[in-house]
Asks: 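Next up is a structure, given as structure tokens.
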Amino acid sequence: MIITIISAILILLGVVFFFGAALGIVRFPDFYSRTHAAGKGDTLSSFLVILGFAVYQLKDFHSFSHDWPILLVILKLLAVSLFIFMTSPVSTHALMDAGWEDKVKPEIGEGKPNHLNDDSEKF
Amino acid sequence: MRLSSIFAIIAVVITGGILLYGVSDFPSFGDPKSPANAAVPGSESVSQYFITKSYKDTKVPNLVTSVLADYRGYDTMFETVVIFAAGMAIFAILGSVGGESQPRVQEEESSFVDGDHSRIIVGTTCRLLVPVIQVFALYVIGHGHYSPGGGFQGGVILAASFIIIALSSDLDAALRRLSEVNYLRLACVGILIYAGFGVLCQVLESNFLDYGVLQPILLTDGPEMARSHSMLGVEIGVAFTVTAIMFAIYANLSSRGTLRDGL
Amino acid sequence: MIFAFDIIILVFLVIAAIISLSVKDLLSASMIFGIYGFLICLLWAEMGAVDVAFTEAAVGAGISAVLMVATVFNTKRKSSD
Amino acid sequence: MAEFFEQTLQPHFNFWIYVILMMIGLWALIAKNNLIKKLIGMSIFQTAIILFYVSLGVKEDATIPILDPYGQAEHAAADAEGAETEGEKKRDSYIGKKSPDPDTMANPLPHVLMLTAIVVGVATLGVALSITQMIFKEFGSLEEDEILEIVKGGGVDD
Amino acid sequence: MTFDHFSIGVGLALFVFMLPAMWRMSVGPTALDRIVAVNVIGTKTAVLLVVIGVVFHRVEMFVDFALAYALLNFTGSLAAARFLHKTKSSSEIFEEEGGAES
């Protein structure tokens, strides 16, 4: 029972972060900030949801000799989240770099330092 | 709106209307007693036979693999031949086979320029991930008896790993790992492995692709395990062909058949 | 078969198909066709066809979109409709 | 409302959507001007047909067509009933003891037929894309009407 | 309420959160926004496959192709990024003839 509650809490936390990422994709003004929402929010929340389901697998775990396949499943689930952690930020990074090459203008508010709109200076 | 567009809408609406009308006579979705799933009275359904008897016949828990490589092995063999033929068609259309005979110049591994952050991040991650993807592809091919997977899936994933190499550095780097001559050889070897299993059964005085007679060669206990092991061999053949042809399609398409300076 | 997922995926599928046919940028069209592949894979997974879903996962994520992007790279990116 | 849902919507909703997807694909094949759009339409048409085939093998409340080597689903049901004792727990020996019930397992035959069709579909898509590239090399355009005009005007002057 | 119902609810929530990405995919405004939306939906697909596996009580089978998605998901984005590096910028392509990118 305690395992189910822990996993439910982790999964709900992940769903909350998914909601944040979805909100960011709609509400943010320009491409770069949307990429930021997609890269960070989705990665963390998918990690949390998958971790929650991995914890839930432990409910059938009674003894090591009978239930070792469950440990294998948990290992694979953790591998899924690890690879999402590696690939999702890299692809958003590549996209952001391509956007800079593609001359997508970032949106800067009034009165802010505006060096990002200067094409001559690439950070 | 163009005239052809109006005619297209008329044709599509008529076809779709007829099909929508016909759908109303279908058995409902998910019905276990529909004619495709259950036995017609007086005869045994073939899919019910596959579900109930397949494990006894072949000792393979994944029913899809056992039906794919054993009961319908002849079909799968010619599906593989179709993929091979598609690869040959692409070579014929884009004209790349035998384009250059001298070996490719062995260049240095492309080094990173200072400040080229994108190349460093993407290149390093791909270098870390490609071995994992290749090991995973081999796992998918080999473990296809017990979990979803098999030759087609594993071959496609293996080809995708080479495509990732080509995307993270350049096409030359991928072609150095799997060159033009080698992928052609690999595609042919895959089909020869598949057909070889069939001919081997014929040599042992049985039908084409009837794996049960291979028991004295494979040294297994019982013809069921012989069928299981032969399926593994057949899947490996499929994986060779699919890997080679999928990578060949990408390499030719991305460089217009020249195999140089691709995407 | 999970009926709740079934309806939603089918509706999304029609939306993705229409969007990928209506954008004028062929690069976007090929990438949105990738989304169509993801949704098809989910549909097969919830129908219980795991092997088919695995094939679609490998093909749709790894090969299909990349082939289209390669062709668009070698031809023209702008489409008239 | 519930009656409409059970009598009309649930049995045939999937098939309606397949027909709609097929109509979208056919419309794109006929009416779209760009060749790559036509190929996308062809792929949509193809997936609609594959979807139709696979959905013939779907059974309600059925599991996937892979026998359970460790009997996990069975044990979950037994745990829920509370009838499980430690002595009966032999996960390895579940399969092979009894033959599975055909009604509780999805039909594997359509999966096999369609699994190869997907990979073959990608290979043929590759062939179509290579033909597209050669058309672009020859005519310099991917639009159908421009290509037709060039063909009607006597072909490409080399 | 069993854990199955909870899992189905989580799956439905993930589908609902896919809708903003679909909307971003349809309105653009640039091609890169659409590609980011593709990326987001790809990540959600890998999670949803695990959810479906939990509902079927067969996670050990479904986790394999969640793994495949996690490993291969960035191929498309990588190809698109490379495409944009190697061609001239999309604003030039779409504005030289006066046609808006949509």
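First the proteins, then the strands, lettered A, B, ... as listed; each starts at 1.
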Asks: With a 4.5 angstrom heavy-atom cut-off, could you sort out which part of D6(C) is near chain D: side chain, backbone, both or neither?
Replies: side chain
Asks: Mind ranking I50(D), T132(D), L35(D), V112(D) by heavy-atom pairs under 4.5 Å with chain C and telling me who comes out on top?
Replies: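 Between I50(D), T132(D), L35(D), V112(D), the count favours I50(D).
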Asks: For chain C, which of I44(D), L125(D), V58(D) has the most heavy-atom pairs under 4.5 Å?
Replies: I44(D)
Asks: Does anything in residues 33-41 of chain C reach chain D? List residues with heavy atoms under 4.5 Å apart, or say none.
Replies: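 Residues of residues 33-41 of chain C touching chain D at under 4.5 Å: F33(C), Y36(C), I40(C).
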Asks: Which value, rounded to the nearest 0.5 Å, describes the distance between I20(D) atom CD1 and L10(C) atom CG?
Replies: 9.5 Å
Asks: For the interface with chain C, which of L39(D), V119(D), N14(D), N107(D) has the highest count of heavy-atom pairs at distances below 4.5 Å?
Replies: N14(D)
Asks: Given a strict heavy-atom distance threshold of 4.5 Å, which part of V52(C) is in contact with chain D: side chain, backbone, both, or neither?
Replies: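 For V52(C), heavy atoms of backbone and side chain both lie under 4.5 Å from chain D.
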Asks: For a 4.5 angstrom cut-off between non-hydrogen side-chain atoms, does H111(D) reach V50(C)?
Replies: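 With C-beta onward as the side chain, the pair stays apart.
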Asks: Quick check on A70(C) against chain D: is it the side chain, the backbone, both or neither that has a heavy atom closer than 4.5 Å?
Replies: backbone
Asks: Less than 4.5 Å to any heavy atom of chain D: does that hold for the side chain of L26(C), its backbone, both, or neither?
Replies: side chain
Asks: Tell me the closest heavy-atom pair linking G126(D) and L67(C), and the distance in Å.
Replies: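 Nearest heavy atoms, G126(D) then L67(C): CA-CD1, 4.5 Å.
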Asks: Just how far is it from atom CD of E143(D) to atom NZ of K78(C), taken to the nearest 0.5 Å?
Replies: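 Taking CD in E143(D) and NZ in K78(C), the distance rounds to 8.5 Å.
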Asks: For T75(C), run the side chain to side chain contact (heavy atoms under 4.5 Å, CB included) check against L129(D), L142(D), I135(D) and tell me which one passes.
Replies: L142(D)
Asks: Can you tell which of Q133(D), M105(D), K59(D), E60(D) has the highest number of heavy-atom pairs within less than 4.5 Å of chain C?
Replies: Q133(D)
Asks: Please report the interatomic distance OG(S80(C)) to CD(E144(D)), rounded to the nearest 0.5 Å.
Replies: 10.0 Å
Asks: Given a strict heavy-atom distance threshold of 4.5 Å, which part of F3(C) is in contact with chain D: side chain, backbone, both, or neither?
Replies: side chain
Asks: With a 4.5 Å cut-off on heavy-atom pairs, point out which of I36(D), T116(D), D61(D) contacts chain C the most.
Replies: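 Among the listed options, the one with the most contacts to chain C is I36(D).
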Asks: Who wins among I7(C), I63(C), V11(C) for the most heavy-atom pairs under 4.5 Å with chain D?
Replies: I7(C)
Asks: For the residue pair K76(C) and S141(D), establish whether any side-chain heavy-atom pair is separated by less than 4.5 Å.
Replies: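 Counting from C-beta outward, K76(C) and S141(D) never come under 4.5 Å.
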Asks: What pairs with A58(C) under side-chain contact (heavy atoms from CB on, under 4.5 Å), at least two apart in sequence or on another chain?
Replies: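 side-chain contact (heavy atoms from CB on, under 4.5 Å) list for A58(C), sorted by chain: V156(B), I157(B).
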Asks: Do L51(D) and L43(C) make a side-chain contact, defined as non-hydrogen atoms from C-beta onward lying under 4.5 Å apart?
Replies: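 The answer is yes, as the side chains (C-beta and beyond) meet within the 4.5 Å cut-off.
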